[in-house]
Structures are given as C-alpha cells and as structure tokens.
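A short write-up of the structure that comes next.
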Amino acid sequence: MKNKFKKEDYIKIYTKMLQIRRFEERAAQLYGMGHIGGFCHLYIGQEAVVVGVLMTIENNDSVVTTYRDHGHMIARGLEPKKIMAELTGRQTGYSNGKGGSMHMFSKKNNFYGGHGIVGAQVPIGTGIAFTHKYRKEKQICRTYIGDGAMNNGQVFEAFNLASLWKLPVLYIIENNMYGMGTSVDRASAGKDLFKRGEAFGIKGKKIDGMDVFRVIEAAQLAGDYVRSGKGPYILEVQTYRYKGHSMSDPAKYRTKEELESYKVNDPINLAAKEILKKKILSKNDLEKINSEIIKEIKDAAQYAIDSPFPEEKELFTNVYL
Amino acid sequence: MQLIAHFLKRKNYLLTFICRVMSIEILMPALSPTMTEGNLSKWLVKEGDKVSSGDVIAEIETDKATMEIESADEGTVTKLLIKEGTESVPVNSPIAVLDGEDKDLSSDNKDDSNVMTNDHNKNENLKVDSLNNEKKDETTEEPDLNLIQKNQKNKKFEFSNYKSITMRQSIRDAIAEEMRKNDSVFVIGEEVGEYEGAYKVTQGLLDEFGSSRILDTPISEHGFTGLAVGSAFKGLRPVVEFMTFNFSMQAIDQIINSAAKTLYMSGGQINCPIVFRGPNGAASQVAAQHSQDFSSWYSHCPGLKVVVPSNAFNAKGLLKSSIEDDNPVIFLENEILYNQKMDVPEDTNFDIPLGVANIPLEGTDATIVTYSIMVSKSLEAAEILKKEYNINVEIIDLQTIRPLDSDTILNSVKKTNRLITVEESWPFASVGSEIVNIVQREIFDYLDSPIIKVNSADVPMPYSSVLEKKYLPQVQDIISAIKKICYI
C-alpha cells in the first residue's frame with residue numbers, strides 16, 4: 001500500500017496534517033484574544049486520523065462528525081479562512097456566524113456537520129448512508145464517533161439499523177482515550193470499542209491512529225468493504241488529543257508523561273520522517289511547506305477578523321425555508 | 001448585560017494592545033468563555049529563548065485550573081513583561097514580546113491608526129447590536145406574524161368527486177398520493193409495514209410501495225428518528241410515524257437539536273423536509289404515560305411547524321402540504337378522531353396551506369380558538385349556547401399552530417370582543433397562553449371581558465374513567481367559560 005503513493009500523495013498527506021495543526025494553534029490564539037467565544041475543541045494530535053481517511057475518500061462520499069470538527073472540515077477541502085470566520089462569528093463563515101465551532105456544514109462538499117450533541121451524528125450519518133442506498137448510489141457515508149459517544153444509546157440503535165438494512169456506512173471511532181475528563185477505561189466496560197459492533201454482526205478492527213500510513217491502509221480496506229454492499233464496518237482508531245477537551249480544560253486527569261509518550265509518536269513528525277527517509281522531499285521542502293501554511297493560516301485569521309459580523313437582520317433568517 | 005459589558009471590556013484590552021504593538025506581543029489569554037483575568041504562575045521560557053509555534057511558554061492559573069499556554073508564533077523572546085507569580089493579570093494584556101520572523105496578526109500591511117479605527121468601529125457596532133437585541137427581546141413574536149401566508153383564507157374547495165372516508169383513511173390517502181408523486185417520500189416507523197400500522201393508518205401501503213419505501217423499524221425511536229433526519233438532510237422526504245407521540249420523547253433530541261435547528265446552524269445550507277406524525281393526546285384510559293398532548297411542547301420550538309388536524313377533510317389537505325413542505329413538520333393526529341367520517345375530495349390536487357386557520361362556525365358574540373379534537377367539542381358547545389342562551393359563538397380551528405394565523409384570531413376578536421381558548425394540553429405555558437398574550441398585546445382595547453383558557457387539568461392523566469373525564473375539557477366546561485365571559 002505504502003509504495004503505491006505518488007509524490008503528490010505524500011505532499012497532500014503532510015500538507016493537510018500540518019494545515020490542521022497550524023490552524024488549531026492559531027484558533028487557540030484567537031480564542032485567547034477573545035475573537036473566538038464559547039466552546040472550542042481542538043484536533044491537535046489527531047491529525048493522522050482524518051487525513052488518513054481522507055486519502056481513501058471518493059469524491060461524492062458523505063462525511064458527518066462530532067463537534068471536534070475543524071480538522072475534518074479542512075481535510076474535506078473546506079477553506080480555512082471561512083472556517084476561521086465561522087469560529088469568530090462572522091458573516092463570511094460557513095454558517096454566516098450562526099453555527100460556531102461545533103456546528104459547521106458544507107452541502108457542496110458533502111460535509112454534514114459538525115454536531116454538538118454527543119452521539120447524535122451517528123443515526124444521522126446512518127440516515128445519509130440510507131439515502132445513498134435508497135437512491136442506489138455508489139457513495140458511502142463516513143460517520144465519525146468519539147470514544148465518549150460509544151456509551152450513548154442511540155449509537156447502538158443506529159448500529160442495529162445499519163446492519164439490519166446493510167447500509168453503506170463506515171463508522172470511525174476516534175478513540176482519543178478521554179470523553180471529556182473521563183478515560184475510556186473508567187467509562188466503557190469491555191476492552192475494544194469496535195467489538196461492540198459484533199453483537200449486531202458488524203465487523204471491525206482497531207488500528208494505530210498516530211501513523212497516517214496505517215490509517216490509510218485500514219481505511220481503504222474498510223471503505224472497500226462498505227462500498228461492496230456488505231453493510232457497515234467499524235474502524236477504531238487509537239489516537240490522542242494533545243490539548244484538553246475544550247479550551248478551558250487543563251487536562252489534570254492525565255499525566256505529563258502520558259502526553260509526552262504520545263508526542264514522541266507525533267503523527268506529523270512520523271510522516272515527515274517517512275518522507276525524508278524515502279527521499280521524496282528534502283528538509284528544506286518541508287520547511288517551505290510549513291512557511292506557506294503559516295502564512296495561509298495567518299491570512300485566514302486576518303480574513304476572519306476583518307470580516308463583518310452578521311447584520312442584525314440575520315437573526316431572523318434561515319429559521320424556515 | 002453583564003456579559004456584554006464584560007466582553008466590551010475584553011475588547012478594550014485588545015484595543016490597547018493593537019495600538020501599541022509593532023512586533024509580536026504575547027497576550028494574556030482567555031482560557032474559558034468567562035475568564036477576565038488570571039495569575040501568571042510560571043514562565044517556561046526566558047528572554048533570549050527561541051520559540052516555535054506550539055511551544056509551551058508559561059503556566060497560567062485561572063479561577064478553575066492551571067493551564068499551559070503556547071506560542072502561536074515563531075521568534076525570539078525579547079522581553080518578559082510580567083513577572084512570574086503576578087496575580088490578576090487582565091486577559092489580553094501583553095505578557096511578553098517576541099521578535100520574530102513572524103509578524104503580528106493585526107499589523108500586517110496596516111498602519112496602527114487604521115487598525116484602531118476599524119476595531120473601534122467594531123466595538124461600536126457590537127454595542128449597538130447588543131442594545132437593539134435587548135430591545136427586541138421585549139417585543140418578539142413578530143416573526144410568527146410574518147410567516148403567515150396571508151390572503152389564503154379558506155378558499156371554497158370545489159371538487160367534483162368526494163367520498164366519505166374516515167380520518168384514518170384520509171391520512172393514508174394523503175401519504176399514498178404524495179408517494180406516487182415523489183419517489184423521495186418514504187414511510188418509516190414501528191409496525192407501519194406488515195402490521196399495517198398500530199392504528200391501521202398505513203393500511204395497504206406496503207402492498208403498493210414495497211418494503212424499500214415502507215420501512216418497519218425495531219423499537220428504537222431515537223435511532224430511526226435520527227436516521228430519518230439524516231436522510232432528510234441528504235434530500236429524501238421521510239414520513240416518520242410515531243406509534244403515539246408519547247414515544248417521540250425518546251427521540252426529542254433528534255427532533256429539536258437536529259431537525260429543527262440545522263437549517264439555522266448551517267446558515268441556510270441544509271434543510272430537513274420531514275414529517276413526524278402519529279396520534280397525540282388522550283385516547284381512552286391509557287393513563288399518564290400514553291395520554292399526553294404535545295402541541296405546546298413542539299410549538300415552543302422555532303424551526304418546527306406544528307399541524308393539528310380536526311377532521312378527515314383537513315387531515316388530508318394539511319398532511320399533503322406537510323409532506324410537500326421543505327421544513328420539519330410535527331403532525332399531531334388524534335386517535336379518537338381516526339374513525340370519524342367526512343366527505344373528502346378525491347382530487348389529487350387538493351391541499352390546505354399551512355399557517356391558515358379555518359372558521360367552521362361564524363358568530364358575533366364570542367370567539368373560541370381551538371384545534372384538533374376540541375374543535376368538535378366546541379361545535380357541540382356552540383349549538384347548546386345558541387339554543388339555550390342565544391349566544392352566537394364564532395369558532396376558529398387553528399389547523400396549524402406554528403406558524404400561527406394571528407390575523408384570523410385578531411379579526412374575530414375585534415368583531416366579538418370576547419375570547420376563550422380550548423385545548424387538550426396542560427394549562428401552564430400552553431398554546432392558549434400565547435394566544436392570550438398576542439390578543440391582549442395587539443387589541444387590548446377591543447376586549448370586553450377577560451380571556452379564559454380551557455385546558456386539561458394540571459396533573460398527569462389518571463387511569464380511572466371518572467377521573468379521566470374530569471381531567472379533559474368537556475362541552476360543559478366550554479359552555480361555562482363562554483357564559484362567564486358573556487357575564488351570564
């Protein structure tokens with residue numbers, strides 16, 4: 001699988017992951033400056049999951065995810081400046097400043113949110129997959145689930161329906177070890193989360209989510225399985241978020257050593273090492289990509305800050321169609 | 001207001017910072033939505049150190065916790081402006097200076113005065129916005145009035161073919177006609193297919209449309225409602241049957257948080273053309289958990305339309321409009337009405353627009369605003385009031401609660417000067433409560449008596465038939481209320 005990548009694939013993988021990392025760092029800064037309000041959940045540390053899966057997505061596939069969605073949107077090809085504009089509550093944001101960090105959508109990119117209620121996106125993603133099947137389309141729906149949602153009842157109702165009706169949905173559990181401040185082993189009975197699908201006859205697998213190349217490999221196989229009409233599949237991706245649950249979480253429930261042990265396997269560094277080892281790009285090339293991204297994200301932040309707030313009349317629009 | 005003041009205060013710090021800065025200043029960050037100041041407990045870099053974006057530079061103690069902060073920029077730390085151990089450092093005040101390859105966010109290609117002016121303007125705007133918002137809060141409800149499809153009052157329906165059918169059949173016919181018209185319409189729910197509906201409303205649909213469009217689900221309201229909502233986001237038009245609306249409570253998160261709010265949260269990108277339908281309110285002696293009226297619950301929520309048919313005729317016309325509507329619609333049927341027959345047009349073009357009330361009885365002395373099963377009880381009461389007291393009552397059948405046809409209500413009360421509301425829901429914060437509010441606000445001077453609300457008793461539904469009867473509004477309660485406002 002690894003050998004199949006072309007140079008541009010490596011560049012895409014590295015660029016997307018770094019774009020997410022730099023975006024989130026800048027978002028944290030804007031939060032600190034008061035430009036971003038409310039809840040803000042950063043994706044730093046988990047970049048390999050969404051970028052790995054992205055590499056296997058076919059154009060019209062649908063995606064739905066949780067509230068930790070900035071990285072997902074960037075991966076899906078949405079414009080960082082419009083995401084940042086939404087985070088800062090501006091008219092130019094993806095939801096005209098009415099959705100915010102947790103509620104962003106792009107119908108054009110088949111990105112169906114951005115859902116603020118833990119677990120709610122799972123039946124919704126299953127319903128989008130239902131639509132693909134109903135219309136006899138080839139697309140599948142990738143539905144992301146946090147480890148915290150794996151104890152939420154509607155998830156299992158959705159699993160049951162998806163398996164019963166053989167719906168083309170790939171469930172991706174982003175197991176970042178903590179549902180807010182509660183670790184998986186304090187919240188979930190039984191060991192592997194993906195095994196919960198077994199009761200419904202759903203196959204699954206657990207993989208290392210810090211290595212983007214392993215994610216790509218597994219996501220490709222899982223995606224092919226779902227696309228072949230065999231029904232849903234659960235991919236549990238073991239990952240780690242470097243930051244707290246949200247901006248105001250100091251993450252006291254875990255040790256520094258634990259965090260550092262994951263940072264050693266930083267997904268972006270791992271990808272960079274692989275790229276250098278294979279002599280696909282030089283250190284200078286990588287540095288150049290980094291500088292370009294920093295500039296792009298800085299411009300995105302500036303664009304957001306310079307954008308107007310929504311006009312007062314926007315308060316009453318988009319309630320009904 | 002306090003929050004707004006606080007936010008403006010935060011903005012002012014930002015202002016100060018922007019005026020002063022040429023190179024990159026690192027600011028005291030806000031680490032929660034409500035943080036205004038914090039203690040700088042520890043520096044993790046010293047002057048002269050090089051930092052990259054993502055490097056931890058200091059520890060900040062907030063009211064809740066101690067957090068690490070990181071640099072978002074790259075460069076050399078030239079100055080630490082605040083000593084470690086300093087308490088109550090205001091958010092957004094500079095704490096260190098970086099001299100870097102990276103210039104500050106706000107100073108690119110701009111001179112300082114421009115930046116300040118811009119930001120100043122934004123502050124002003126923010127302030128004006130907030131004040132106006134507050135003003136708005138006192139006088140909302142306007143959007144409701146705007147949503148009414150005006151000038152579409154009860155047109156006379158003139159169709160050549162009518163047949164006498166029950167409400168159960170007219171609902172079925174409406175679904176079938178819409179399914180024939182549009183492949184995207186499908187039915188999903190418990191026992192809707194092979195069993196042909198727990199109340200036999202979906203009778204015959206499986207035979208005609210097959211199991212790919214008439215979907216029997218397990219008993220998983222939360223799951224299948226969410227699935228249907230997802231399919232509607234993607235462009236299908238599900239008709240979700242709740243065996244009774246009591247079970248919709250299992251799914252209310254998906255109805256409110258997903259179906260009703262996503263159009264708004266997506267800035268108008270993703271709508272949810274879905275109908276939730278099923279019997280609502282009391283049946284007969286099924287007691288507290290199976291006898292609840294949800295009309296005021298769902299009417300409370302912007303983003304939902306709420307439809308309340310009162311007979312076989314309007315059930316068909318309203319359901320057809322509901323299925324064709326591009327918004328989520330709550331369609332509240334009544335089990336006791338399912339068997340009532342009426343002449344219903346067979347014409348497939350027959351529909352009744354949402355947001356328009358009907359006046360089944362015109363009168364001059366008092367107005368009754370009501371909906372669903374209480375329309376027939378009100379008609380019964382009106383007959384007695386005419387016969388025994390010569391009171392001519394006007395009855396308004398809302399047909400749709402949201403959007404509410406306030407014009408029809410106001411025009412009627414302007415004529416009769418007296419009003420009661422009759423509904424099966426509990427009295428506290430009921431649909432009637434909102435109507436009372438609108439009427440007293442808009443046409444206070446037209447009222448010749450206080451408005452009376454007739455509701456169910458403010459208790460859970462009891463089982464015993466004697467108590468059940470006492471719980472529900474009866475014809476006699478309506479008569480008493482009208483007599484009272486007519487001072488008889």
Side-chain angles (χ1 to χ4, degrees), chain A residues 21-22 25-26 28-29 31-34 37-39 62 64 93-96 98-99 103-107 112-113 115-117 120 122-128 130-131 134 153-154 157-158 160-161 164 244 247-250 252 294 298 301-302 305-306 309 312 315-321, chain B residues 7 10-11 14 27 29-33 53-54 64-67 69-70 72 91-92 102 105-106 108 122 125-126 129 132-133 143 147 186 212 217-218 220 222-231 233-236 253-254 257-258 262-271 302-303 326-327:
Chain A
R21 176 76 52 98
R22 296 287 171 256
E25 287 165 356
R26 192 60 66 173
Q29 187 198 31
Y31 192 92
M33 291 164 76
F39 296 127
S62 309
V64 63
Y94 269 103
S95 300
N96 307 135
K98 295 201 283 199
H103 318 111
M104 280 188 269
F105 307 80
S106 171
K107 200 171 187 175
Y112 286 87
H115 291 269
I117 305 294
V122 183
I124 288 171
T126 309
I128 291 168
F130 172 86
T131 309
Y134 187 92
Q154 62 184 321
E157 296 190 17
N160 184 43
L161 290 164
L164 206 57
M247 289 301 295
S248 45
D249 168 22
K252 288 287 178 203
I294 288 180
K298 216 169 75 169
Q302 192 63 50
I305 292 168
D306 288 345
F309 281 104
E312 201 179 296
L315 181 61
F316 294 111
T317 60
N318 307 134
V319 181
Y320 294 97
L321 197 71
Chain B
F7 191 63
R10 265 172 69 174
K11 280 275 180 179
L14 177 66
L27 306 178
L31 298 166
S32 75
S53 54
K64 294 188 186 109
T66 302
M67 312 264 292
I69 62 161
E70 292 161 5
V91 161
N92 267 332
D102 207 347
L105 274 179
S106 349
D108 276 1
K122 275 174 202 160
N125 286 342
L126 184 75
D129 281 353
N132 285 351
N133 285 351
L147 282 165
F186 70 98
S212 61
T217 67
S220 323
H222 205 173
F224 73 70
T225 300
L227 184 148
V229 168
S231 78
F233 287 165
K234 194 72 188 165
L236 297 184
D253 175 67
Q254 290 288 2
N257 271 320
S258 302
T262 296
L263 183 69
Y264 195 81
M265 294 193 301
S266 68
Q269 289 182 76
I270 296 174
N271 67 312
D326 286 327
N327 300 285

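Because only heavy atoms are used, hydrogens play no part in the values below, and waters and symmetry mates are left out as well, while side chains stay in. Throughout, protein chains are lettered first and strands after them, A, B, ... in sequence-line order, and every chain is numbered starting at 1.
In terms of heavy atoms, A:L164 sits closest to B:P218 at CD2-CD, 4.2 Å. Across every non-hydrogen atom of B:A30 and A:Y31, the tightest pair is O-CD2, 3.4 Å. Minimum interatomic distance between A:A120 and B:D253 (heavy atoms only, all atoms of both residues): CB-OD2, 4.0 Å. Of all the heavy atoms in B:M67 and A:M247, the pair that sits closest is CE-O, 2.9 Å. Of all non-hydrogen atoms in A:I117 and B:N257, the two that sit nearest each other are CD1-ND2, 3.5 Å. When all heavy atoms of A:M33 and B:L27 are compared, the pair lying nearest together is CG-CD1, 3.8 Å.
Between chain B and the residues A:A28, A:A158, A:G38, the most heavy-atom pairs under 4.5 angstrom are made by A:G38. When the candidates B:I69, B:L31, B:N327 are compared by the number of heavy-atom contacts under 4.5 Å with chain A, B:N327 comes out ahead. The greatest number of non-hydrogen atom pairs below 4.5 Å with chain B, out of A:M104, A:K107, A:Q154, A:R21, is found for A:Q154. Among B:L236, B:D326, B:I270, the residue with the largest count of heavy-atom pairs under 4.5 Å with chain A is B:L236. Counting heavy-atom pairs closer than 4.5 Å to chain B, the top residue among A:S62, A:S95, A:S106 is A:S95. Among A:N96, A:V64, A:L161, the residue making the largest number of heavy-atom pairs under 4.5 Å with chain B is A:L161.
Remark: A:R22 engages A:E25 in a salt bridge (Lys or Arg N to Asp or Glu O under 4.0 Å) (not counting sequence neighbours).
Under the 30°/60° scheme for interplanar angles, the aromatic rings of A:H115 and B:F233 are found to lie parallel.
Residue B:N271 holds its CG atom at 11.0 Å from CG of A:N318, rounded to the nearest 0.5 Å.
The backbone N or O of B:H222 lies less than 3.5 Å from a partner atom in the side chain of A:E157, making a donor-acceptor pair. Side-chain atoms of B:Y264 come within 3.5 Å of backbone N or O of A:L315 as a donor-acceptor pair.
Using a 4.5 Å cut-off on side-chain heavy atoms (C-beta onward), B:K234 and A:I124 make no contact.
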Trace of the side-chain contact (heavy atoms from CB on, under 4.5 Å) decision for B:T66 with A:K252: CA-CA 9 Å; B:T66 302; A:K252 288 287 178 203; 4.3 Å; yes

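If you measure heavy-atom distances from B:S266 to chain A, the contacts under 4.5 Å come from both the backbone and the side chain. Only the side chain of A:N160 comes within contact range of chain B, judged by heavy atoms closer than 4.5 Å. Residue contact with chain A, scored on non-hydrogen atoms closer than 4.5 Å, involves the side chain of B:E70 exclusively.
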